[in-house]
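The structure's right below; bear with me while I get my questions together.
Order of the sequence lines sets the chain letters (A, B, ...), proteins ahead of strands, with each chain counted from 1.
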Number of protein chains: 2
Amino acid sequence: MRADAQRNRERILDAAEEVFTHRGTAASTEEVARLAGVAIGTVFRHFPTKDDLLAAILKRLLARLAGDAATLGGADGLHVFFRRLVEQAAAKRTVVDLAGVSVPAAVGQLGEAVGELLRQAQAAGTVRDDVRRPEVMALLVSVCQGALQGGWDVELQERTLAVIFAGLAA
Amino acid sequence: MRADAQRNRERILDAAEEVFTHRGTAASTEEVARLAGVAIGTVFRHFPTKDDLLAAILKRLLARLAGDAATLGGADGLHVFFRRLVEQAAAKRTVVDLAGVSVPAAVGQLGEAVGELLRQAQAAGTVRDDVRRPEVMALLVSVCQGALQGGWDVELQERTLAVIFAGLAA
DNA sequence: TACCATAATGAGTCGAGACTCATTTTCCAA
DNA sequence: TTGGAAAATGAGTCTCGACTCATTATGGTA
């Protein structure tokens with residue numbers, strides 16, 4: 001791939017993440033192009049459809065989250081990750097709006113990472129043994145959705161997470 | 001209001017609820033008109049903008065939920081209501097997609113009803129005393145969102161609700 | 001440097017869907 | 001029954017955004 005093409009691809013991805021995570025996926029490709037400083041045609045050369053572009057940034061986003069999760073661990077790693085993710089969701093429109101687009105591989109990667117955090121928390125006795133990964137993921141997604149949509153303040157977020165953490169606790 | 005106008009208004013609301021709760025709010029007004037058996041112009045005569053139509057069915061929906069909640073009570077009224085709402089959300093796109101449209105009065109009414117269920121559950125000792133209404137509402141909305149989006153099966157739904165109920169329990 | 005394959009450009013096409021309005025139809029009060 | 005106000009009709013307008021492509025520019029190689 002030529003150097004300019006490589007550079008533009010990165011710029012477009014950065015711009016797309018910025019635009020879509022703030023304005024939602026309804027934002028126009030035109031706007032992404034403008035922010036990236038390229039012509040609209042260039043965006044479509046790199047990502048033939050808008051969905052391709054969405055899938056690409058979702059993949060990057062999930063990979064980053066999985067990487068984040070991998071650096072955590074121990075008794076409260078799961079709790080830290082949970083809180084961090086919810087905070088992000090409330091500020092931006094991260095995972096939430098992108099739900100329609102599916103990137104199974106990337107989701108799987110995140111699932112693995114969360115599973116590991118769960119295992120460690122259970123080993124440390126912070127989380128009940130009969131809790132499994134699927135419901136943890138379900139809660140994670142749900143609360144991110146809720147936080148984004150409801151515009152929670154810090155206190156509400158804390159109180160809501162407190163209920164969930166109590167439900168997970170041994 | 002003339003009799004035919006009254007009749008059409010009802011038909012349009014019913015059709016709109018059917019269409020929007022199944023296809024999401026992106027469905028076209030055209031489709032609503034077709035299902036209602038009226039011309040597109042008639043829809044716009046009754047509801048000048050699409051948002052007006054969305055607000056109208058959201059209001060009806062919330063009022064109905066509040067009515068539902070009012071018939072419940074006792075030790076597990078809150079739990080029943082919670083489960084029922086999540087089941088609905090998973091099947092249809094009820095409250096979820098309509099989040100953008102705000103009908104404060106209707107939301108307040110539902111909040112009152114949920115608050116009453118919470119009070120009764122606490123009186124019966126089913127729910128911890130330090131849990132308050134806002135986080136219950138937040139959890140309710142979150143889980144509905146998650147259920148809709150994730151396409152949960154029955155088991156996942158049960159396991160997820162189990163965590164939340166455990167978190168609420170005394 | 002000269003060449004050309006690769007990439008960028010952006011005006012233009014296309015379709016979809018919200019909304020309009022001149023015309024026709026329907027209700028209902030007198 | 002009938003006059004006319006209220007309501008319904010639906011083809012048409014308008015806007016917006018995804019996507020195209022003929023043309024121009026550019027990076028890299030011989």
**Request:** Inspect the contact between B:R60 and B:D14 and indicate whether a charged nitrogen and a carboxylate oxygen are less than 4.0 angstrom apart.
**Result:** yes
**Request:** Would you confirm whether A:W152, through its side chain, and A:A90, through its main-chain N or O, come within 3.5 Å as a donor-acceptor pair?
**Result:** no
**Contact summary for A:V163 and B:I164, nearest pair of heavy atoms** = CG1-O, 4.2 Å
**Complete:** Bend of the helix from C:dT1-D:dA30 to C:dA30-D:dT1 from end-axis comparison, five pairs per end, nearest 10°, comes to 0°
**Exam field: side chain A:D52 to backbone A:T49, donor-acceptor pair closer than 3.5 Å** = yes
**Request:** Could you list where the contact with chain A starts and ends along DNA chain D, reading 5' to 3', using a 4.0 Å heavy-atom cut-off?
**Result:** D:dG17 to D:dG28
**Item:** Donor-acceptor pair, side chain of A:K50 and main chain of A:T25, under 3.5 angstrom
**Value:** yes
**Asked** If only atom types and distance count, is the side chain of B:R128 paired as donor or acceptor with the main-chain N or O of B:G167 below 3.5 Å?
**Response** yes
**Asked** Between B:Q120 and B:E116, is any side-chain donor less than 3.5 angstrom from a side-chain acceptor?
**Response** yes
**Prompt:** Residues from residues 27-40 of chain B sitting under 4.0 Å of DNA chain D, heavy atoms only?
**Reply:** B:V38, B:A39, B:I40
**Asked** For A:H79, what residues pass the ring-ring contact (aromatic ring centres under 6.0 Å, His included) criterion, not counting sequence neighbours?
**Response** A:F165
**Item:** Residues A:E17, A:R64: salt bridge by 4.0 Å N-O rule
**Value:** yes
**Request:** Ignoring backbone atoms, establish whether A:H46 has a side-chain N or O less than 4.0 Å from OP1 or OP2 of C:dA7.
**Result:** no
**Message:** Base contacts versus sugar-phosphate-only contacts with protein, heavy atoms under 4.0 Å: please encode nucleotides 25-30 of chain C as B, S and - from 5' to 3'.
**Reply:** -BSS--
**Prompt:** Counting only side-chain N and O atoms of A:N8, is one of them less than 4.0 Å from OP1 or OP2 of C:dA8?
**Reply:** yes
**Counterpart residues, side chain to side chain donor-acceptor pair (under 3.5 Å), relative to B:R84 (two or more places apart)** = B:D68
**Side chain proximity check, B:Q157 to B:R83, heavy atoms < 4.5 angstrom** = yes
**Request:** Using modelled atom types only, decide if a donor and an acceptor are shared between the side chain of A:T42 and the backbone of A:V38 within a distance under 3.5 Å.
**Result:** no
**Asked** Do A:T160 side-chain atoms and B:A138 backbone N/O form a donor-acceptor pair below 3.5 Å?
**Response** no
**Message:** Reading DNA chain C from 5' onward, which residue's closest nucleotide shows up sooner: B:F44 or A:R9?
**Reply:** A:R9
